[in-house]
Amino acid sequence: MPRALVVYESVFGDTERIARAVADGIAGRLPVDVVDAGQAPTELADVQLLVVGGPTHAFGMPSEATRKGAVEQYGAEIADPSAGLHEWLDAVRLPPHTDAAAFDTRMDHPKLITKLDHAARTEEKLLRGLGATLVAPAERFIVLDAKGPLKDGEEDRARQWGQALGELVTAAGP
Ligand SMILES: Cc1cc2nc3c(=O)[nH]c(=O)nc-3n(C[C@H](O)[C@H](O)[C@H](O)COP(=O)(O)O)c2cc1C
């Protein structure tokens, strides 16, 4: 049975909250699972919609170095700094014709700075490289500080975005 999968990386829990809200939104249209990238399977058989999201670290996706930075600078607890969303996207194999969308969390910066990259742009590049079809532009969700919390209203916005994604990918189907 076709389903959706939301795969996230989250150091302080904010991106996980967004991932779960996106999944709540999708759930009205498709059965959906939410999985931490470190635990996610790398062979996906029946996934119609894949949504990925992670925090922005150093203007891009987290790497082993930035995860270690999060431990050293912010006291984060990360069981395995060598595993995360980028590493999962490097390893996963997608079924043909997978629809996909990307999001990230980040702090609020002037537009000029957010244009530099930020995680979602790299996530989209990796998804395209896997042969996925991006069904909607990436979304950005704002945290008020490096360790959170999310800005008010971001989880509602994530739920609405998830709902829109679910409607988009099921509109043409049964
Ligand atoms: C090592 C490190 C680097 C970061 N670099 C950026 C950055 O370049 N731009 C930005 O907007 N936020 C940056 N942040 C803030 C993160 O985006 C924020 O920690 C994240 O959105 C929180 O999500 P999480 O609770 O799921 O980890 C950085 C945070 C850490 C720990």
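We use all heavy atoms of the structure for the numbers below, so side chains are in, but hydrogens, waters and symmetry mates are not. This is a predicted model, so every value here is computed, not measured. Numbers here are sequence positions counted from 1. All ligand and atom numbering here is 1-based and tracks the order in the structure.
Hydrophobic cluster membership for Ile142: none, as no Ile, Leu, Val, Met, Phe, Trp or Tyr side chain comes under 4.5 Å of it.
Listed by chain and number, residues touching ligand 1 at under 4.0 Å (heavy atoms only) are Ser10, Val11, Phe12, Gly13, Asp14, Thr15, Pro55, Thr56, His57, Ala58, Phe59, Thr66, Ala70, Tyr74, Thr105, Arg106, Met107, His109, His118, Val143, Ala146.
Connection of Leu127 to Ile26 is not established within any shared hydrophobic cluster, with ILVMFWY side chains joined at heavy-atom distances below 4.5 Å, either directly or through further cluster members.
Taking each heavy atom of Ala120 and Ala138 in turn, the nearest pair found is CB-CB, 3.7 Å.
In this structure, Arg157 contributes its side chain and Arg140 its backbone to a donor-acceptor pair below 3.5 Å.
Applying the salt bridge (Lys or Arg N to Asp or Glu O under 4.0 Å) rule to pairs touching residues 55-65 yields Glu64-Lys68, sequence neighbours excluded.
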Anything under 3.5 Å between a donor and an acceptor, one on a side chain of residues 74-86, the other on a protein residue two or more places apart or in another chain? List them.
residue : atom : partner : partner atom : Å
Asp80   : OD1  : Ser82   : N            : 3.0
Asp80   : OD1  : Ser82   : OG           : 2.6
Asp80   : OD2  : Ser82   : OG           : 3.4
His86   : ND1  : Asp90   : OD2          : 3.1

